[in-house]
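One structure below.
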Number of protein chains: 2
Amino acid sequence: MKVSLLEGSHRQTCTDCAVRGFAICAALDKTEVWELANLSRHVQCEPGTTVFAQATMATSFFSVLEGVLRLYKLLPDGRRQIIGFVLPGDFLGLAGSLQYEFSADAVGAVSLCQFSRASFSRFAENRPRFLRRINELAGRELIRAQEHMVLLGRRSAEEKVASFLIGWRDRLAEIGHAGEVLPLPMGRLDIADYLGLTIETVSRTFTKLERDGIIRILTGGISLLDAARAEALSAA
Amino acid sequence: MKVSLLEGSHRQTCTDCAVRGFAICAALDKTEVWELANLSRHVQCEPGTTVFAQATMATSFFSVLEGVLRLYKLLPDGRRQIIGFVLPGDFLGLAGSLQYEFSADAVGAVSLCQFSRASFSRFAENRPRFLRRINELAGRELIRAQEHMVLLGRRSAEEKVASFLIGWRDRLAEIGHAGEVLPLPMGRLDIADYLGLTIETVSRTFTKLERDGIIRILTGGISLLDAARAEALSAA
DNA sequence: AACAGTCTTTGACTTCGATCAAAAATGTGA
DNA sequence: TCACATTTTTGATCGAAGTCAAAGACTGTT
């Protein structure tokens, strides 16, 4: 397993950070942002690199600046479940356990704000506003996890794929990406491992959705031709 | 849907509360416990009653004193996914959203500590220790949810049932219940909806585990004859 | 003890998604 | 542009779990 973090060449100011408005630091005032910035390191990851691996010591927390990561757990025999995709503004480390509970790797190029566990915790310790912000993000994460359990346990392959597309569209919209052409930076195998399916079933289901006029398959993404029908499948 | 909360006859003191040591209030000192106690109401629920329903206003939070609850989400067509069973010491309301994200009903008789959302939030607001405690519980919840995603997405029926039994045993052990006879207060249908299976598959799998000498089926529970083999299935 | 109601188990059959295999498409570098 | 590797798609077949149906066990009640 290749694990590497390339050091960023320079620190950007937090004030003009692209995710300033919705990242974990949104709860902080100017002085606090400055203080927290001094505890952070800016790192870049190349596509495919593992940022941290399940069951290793959780020495760092991260806030995502750019790019997409996949979070996953492996069974001893190699079966993989992707438990989530992570987007700019998301925070890694909410569970707060001593070891990482899952692995994270960069899907495309990624840049991260890295914090040492100890200094981040010390910073948060006596700041109720910040602690409440952490709670807020953890709550959202928990809700997403619960939704995903319903998907994994009780939905058909077609519903799973439609839900994934709608959910992905909505998350991209939240961070400012509009338009009915959805980029899908992750491969079919990642989608399969996220939905609890095989790559063949995902591929067949994409093809079926295209035959039915619901999507158009593009290289590196899809076009949502009939959002209403996709949403119906996704809700059903 | 029958929704009812019977009012408790008298307030017990928090000091001799059975879950004092591991409930959310474990992070509080004597004065604070007393303050929080004054915001609480003690309620009892009969078996099968719904404590709160998905998509209704989340006006209360709860700490479980006695009994077991099932938390579940329903799809429009009635498919149900149980996202967790809740035991004494667990807290309901960690996600903090304005509406309940899932329904909760009592499996057996249940007694709860009820807090109004507003007064609980006000109490927590400026208490970093308490906020960190909430974070800690939310983190645990999140880890459990992630484990459950792996189970739902990537495990066979036999592995699911074995994992459920081992997980249930471990959670009961955490709250002081020892012994290799496991009470299972929930029915087969609840287990099925928790594991993403049908009741028939759960029943057949129990029978198979019994034929293989791993468990003994009792009324209202099982006896774990070969914990090692069950653990192997559960980990695999 | 007998009854009704519910829950659980078992049996027969079906189906959805998995598996195995190969072709097509896409990307990459000389 | 062409060869090669990787990813995606398609096809044929299989099997684990779902569905439908009925029998059996347990619960509480009169």
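All chains are named by letter (A, B, ...) in the order of the sequence lines, taking the proteins before the strands, and each is independently numbered beginning at 1.
Applying the side chain to side chain contact (heavy atoms under 4.5 Å, CB included) rule to Ile143(A) yields the partners Gln146(A), Ala95(B), Ser97(B), Glu101(B); only residues at least two apart in sequence or on another chain are considered. Every residue meeting the side chain to side chain contact (heavy atoms under 4.5 Å, CB included) condition with Ser63(B), not counting sequence neighbours, appears here in chain and number order: Ala23(B), Phe91(B), Cys113(B), Phe115(B). The salt bridge (charged side-chain N to carboxylate O under 4.0 Å, His left out) check on Arg171(A) picks up Asp90(A), with sequence neighbours excluded. Applying the ring pair (Phe, Tyr, Trp, His ring centres under 6.0 Å) test to Tyr194(A) and every residue at least two apart in sequence or in another chain returns Phe85(A), His148(A), Phe164(A). Residues passing the salt bridge (charged side-chain N to carboxylate O under 4.0 Å, His left out) test with Arg80(A), sequence neighbours excluded: Asp190(A), Asp193(A). Residues satisfying the salt bridge (charged side-chain N to carboxylate O under 4.0 Å, His left out) test with Arg188(B), not counting sequence neighbours, are none.
The nucleotide range of DNA chain D contacted by chain A, defined by atoms under 4.0 angstrom from heavy atoms of the protein and reported 5' to 3', is dT8(D) to dA12(D).
For the helix from dA1(C)-dT30(D) to dA30(C)-dT1(D), the rotation axes defined at the first and last 5 base pairs enclose an angle of 40°, given to the nearest 10°.
Between Leu69(B) and Val107(B), every side-chain heavy-atom pair lies at or beyond the 4.5 Å cut-off. Here the side chains of Thr56(B) and Gln99(B) are not in contact, with every heavy-atom distance at 4.5 Å or above.
Regarding Lys160(A), its NZ atom lies at a distance of 11 Å from the C1' atom of dC16(C), rounded to whole Å.
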Nucleotide by nucleotide, 5' to 3', does protein get under 4.0 Å of the base (B), only the sugar-phosphate (S), or neither (-) in nucleotides 4-10 of chain C, counting heavy atoms? ----SBB
Side-chain donor-acceptor contacts of residues 211-228 of chain B below 3.5 Å, not counting sequence neighbours, with atom names and distances?
unit_1: Asp212(B); atom_1: OD2; unit_2: Lys208(B); atom_2: NZ; d: 2.9
unit_1: Asp226(B); atom_1: OD1; unit_2: Arg229(B); atom_2: N; d: 3.1
unit_1: Asp226(B); atom_1: OD2; unit_2: Arg229(B); atom_2: NE; d: 2.9

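Between Lys73(B) and Glu147(A) a salt bridge is recorded (basic side-chain N to carboxylate O distance below 4.0 Å). The residues Arg79(A) and Glu159(B) are annotated as salt-bridged, a charged nitrogen and a carboxylate oxygen being separated by less than 4.0 angstrom.
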Review item, nucleotides 26-29 of chain C N/O atoms under 3.5 Å of protein N/O:
none

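For residues 204-236 of chain B, the set of pairs meeting the ring pair (Phe, Tyr, Trp, His ring centres under 6.0 Å) definition, not counting sequence neighbours, is empty.
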